[in-house]
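Sequential numbering from 1 along the given sequence is applied to the chain's residues. No experiment lies behind these values; they were computed from the predicted model shown. Because only heavy atoms are used, hydrogens play no part in the values below, and waters and symmetry mates are left out as well, while side chains stay in. We count ligands from 1, going down the list as the structure has it; atoms in each ligand are counted the same way.
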Amino acid sequence: MNQRQLAQQQFEQSGENLVVGSLQACPLSPEQLAQTTADCDYVVETFNSGLTAEVFRIRVDGRDYTLKKKRPTARVSNLDGHYSFLNEVQRRFDIQQQKDDPSSAADFECIVSTVYADYHLGIIVSDWIEGEPVKQVSSSLLSQLFSTLSACERIGLFEWDLCAGNLLVDEQHKLWLFDFGYMYRFEPLNELNSNGLDAPLFNFCERFETRFLSGWLLDKELSHSEALAVFKNVKHEALRVLLQQLRWLKNNGASVAVMQAKQALIDTYQQALESQTKLESLFQLEMFRSHVLDIEDDLDGKSCTPITIKRVETVLNTITEHYAELKQQGGLFYHNQGKTQQALIDAYRGKLDLVIQYQLNG
Ligand SMILES: Nc1ncnc2c1ncn2[C@@H]1O[C@H](COP(=O)(O)OP(=O)(O)OP(=O)(O)O)[C@@H](O)[C@H]1O
Ligand SMILES: [Mg+2]
């Protein structure tokens, strides 16, 4: 167990409760909300996809809210899944403090307001967001997303799960974030993410590319030049936020290691934005990285989709055609490190079989 999991286990065993918001704002009694089923007359819509929670759209006195209700037993067996509801209530508490403070509220306006949450009762009530999944990766979307993630990082929160199901865009093209089951604490001045300095691979732009963009590009079947243009814009917007981050880190006495890592990212993105060859090469390297990471997630959870198949096919193609480049640029990390081209091809052919075997509702 890592430190966070230990602390969450201690909290769970202590019998202590955590409540966010005030009772007056709660649309129905918390006890009644905790008993909610899809059959209740105030339930308008039910989202049953969650592993640790059920989500209901409810309507009380003409106003809509979202009720996230903890499942009695999570459908995931791993520890992070087990603690994800507690984790979300903890993060809602942290973020709501910022939203309630006029000096920081604007930085967190893309994050849904928590109306009321009670960890022991297993309920989180939020405003209902009238929105749709992300359809276009526009500059406005990227700038809202990256600025919000950066504001979270300044208060020591790193978001891991920027998947399509966790992003909504409303009619005014405003982005909304609302699922914080996998947003973890870290020390922004001394660490790069909630793994400390051990995993510099992970940053806000990488998280977006891995959990969302890389799959979205495969799904949309954009041409190479269209995909490259989207990627360039992602880097452009990420660079702007990284430059702000670096300034903030400097002003607040961040460690040399953190500033060097940020500077390295800035240099890489800047060079890619200035040279088409470097842009092409970064696109290949980072999509490879994102596919490799997301394939492992899908295999772990036995939750593969047709996109996972496409991811493995892309990885196989890249290994076959650009092995030397990948190796030289540090694209072969973790389980792929030190492997020969043939060993990698064999490994990913094996994964392809598994991915086909683990197709959801297949
Ligand atoms: N405040 C909200 N407004 C509108 N829709 C919401 C809101 N919160 C959640 N939803 C909808 O419900 C879905 C599931 O919510 P959420 O992502 O919070 O939980 P989950 O991912 O299903 O649960 P778990 O964390 O257990 O996997 C979202 O993809 C979104 O469509
Ligand atoms: Mg979710």
Side-chain angles (χ1 to χ4, degrees), residues 8 20-21 25-27 33-34 36-38 42-60 63-93 95-96 99 108-119 122-135 141 144-145 148-149 152 157 159-184 207-208 210-212 215-216 294 297-298 300-303 305 360-361:
Q8 287 178 328
V20 187
C26 196
L33 287 173
T36 300
T37 63
Y42 53 88
V43 170
V44 182
E45 205 176 336
T46 302
F47 300 82
N48 211 356
S49 58
L51 298 175
T52 58
E54 279 177 288
V55 174
F56 302 98
R57 176 182 184 176
I58 64 171
R59 187 165 296 158
V60 180
R63 187 172 156 191
D64 286 12
Y65 303 85
T66 306
L67 167 66
K68 190 164 184 174
K69 188 174 155 243
K70 187 178 192 287
R71 290 186 189 281
T73 40
R75 288 178 180 167
V76 270
S77 49
N78 66 16
L79 268 183
D80 288 343
H82 177 77
Y83 290 120
S84 75
F85 193 86
L86 169 59
N87 193 76
E88 174 148 21
V89 179
Q90 292 177 322
R91 297 298 78 83
R92 295 294 192 123
F93 182 87
I95 294 167
Q96 201 54 41
K99 288 181 73 75
F108 296 88
E109 63 178 16
C110 292
I111 296 188
V112 73
S113 276
T114 303
V115 176
Y116 192 79
D118 183 313
Y119 165 60
I123 56 166
I124 302 171
V125 183
S126 317
D127 287 339
W128 169 257
I129 303 153
E130 194 58 57
E132 295 202 318
V134 172
K135 296 215 174 89
L141 175 92
Q144 293 180 74
L145 176 64
T148 304
L149 295 173
C152 290
L157 300 178
E159 171 57 46
W160 288 88
D161 194 13
L162 295 168
C163 65
N166 291 342
L167 305 168
L168 285 172
V169 177
D170 72 16
E171 277 198 324
Q172 282 76 48
H173 303 289
K174 185 173 168 186
L175 166 76
W176 289 96
L177 302 180
F178 49 84
D179 182 354
F180 307 103
Y182 299 91
M183 177 186 262
Y184 298 143
R207 284 292 84 200
F208 174 68
T210 298
R211 297 295 288 136
F212 181 85
W216 185 81
D294 222 53
D297 266 5
D298 286 356
D300 250 16
K302 295 191 168 58
S303 56
T305 66
L360 284 176
N361 38 326

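Per-residue contacts place Asn166 under 4.0 angstrom from the following atoms of ligand 1 (heavy atoms of the residue considered): 17 (O). For ligand 1, the atoms sitting less than 4.0 Å from at least one non-hydrogen atom of Phe47 are 12 (O), 31 (O), numbered in the order shown with element in parentheses. Set against the non-hydrogen atoms of Ala53, the atoms of ligand 1 under 4.0 Å away are 26 (O). Near Leu168, meaning under 4.0 Å from any of its heavy atoms, are these atoms of ligand 1: 4 (C), 5 (N).
Contact between Gln144 and Leu175 at its shortest, heavy atoms only, is OE1-N, 2.9 Å. Scanning both residues, Leu141 and Val169, for their nearest heavy atoms gives CD1-CG2, 3.7 Å. Taking every heavy atom of both residues into account, Leu168 and Pro133 meet most closely at CD2-N, 4.1 Å. Leu51 and Arg71 make their closest contact through O-CD, 3.4 Å (heavy atoms, listed as atom of the first residue, atom of the second, distance). Shortest non-hydrogen contact noted between Ser126 and Arg92 is OG-NH1, 2.9 Å. Closest approach of Lys99 to Ile111, counting heavy atoms only: NZ-O, 2.6 Å.
Side chain of Asp161 to backbone of Asn166: no donor-acceptor contact under 3.5 angstrom is found.
At the shortest separation from atom 10 (N) of ligand 1 among protein heavy atoms lies Phe178 CE1, 4.1 Å. At the shortest separation from atom 18 (O) of ligand 1 among protein heavy atoms lies Lys68 NZ, 2.9 Å. Asp179 OD2, 3.1 Å is the protein heavy atom nearest to atom 21 (O) of ligand 1. The nearest protein atom to atom 15 (O) of ligand 1, hydrogens excluded, is given as Val55 CG2, 3.5 Å; this is a heavy-atom distance. Gly165 O, 2.6 Å is the protein heavy atom nearest to atom 29 (O) of ligand 1. Protein heavy atom in closest approach to atom 5 (N) of ligand 1: Trp128 CZ3, 3.3 Å. For atom 22 (O) of ligand 1, the closest heavy atom belonging to the protein is Gly50 CA, 3.1 Å. Distance from atom 27 (O) of ligand 1 to its nearest protein heavy atom, with residue and atom name: Leu51 N, 3.6 Å.
Looking at ligand 1, you'll find an N or O of Thr52 within less than 3.5 Å of one of its N or O atoms. Between Ile129 and ligand 1, at least one pair of N/O atoms sits closer than 3.5 Å.
Checking Ser49 against the Mg ion (ligand 2), every N/O/S atom stays at or beyond the 2.8 Å cut-off.
Across Glu88, Gln96, Lys68, Arg91, a single residue satisfies side chain to side chain contact (heavy atoms under 4.5 Å, CB included) together with Thr114, and that is Gln96. When the options Ile123, Asp118, Ile124, Val60 are evaluated for a side chain to side chain contact (heavy atoms under 4.5 Å, CB included) with Leu33, the one that passes is Ile123.
Within the structure, ligand 1 lacks Gly181 among the residues with a heavy atom less than 4.0 angstrom away.
Using cut-offs of 30° and 60° on the angle between ring planes, the pair Tyr184 and Tyr182 is perpendicular.
To the nearest 0.5 Å, atom SG of residue Cys152 and atom CD of residue Glu159 are 8.0 Å apart.
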Hey, mind stepping through Asp297 and Thr210 against side-chain contact (heavy atoms from CB on, under 4.5 Å) and telling me if it holds? CA-CA 10 Å; Asp297 266 5; Thr210 298; 5.9 Å; no
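When heavy-atom distances to ligand 1 are checked against a 4.0 Å cut-off, Thr66 comes that close only through its side chain, counted from C-beta outward. With a 4.0 Å heavy-atom cut-off, ligand 1 is reached by the backbone of Asp127 but not by any atom from C-beta on.
The nearest N/O/S atom of Asp179 to the Mg ion (ligand 2) is OD2.
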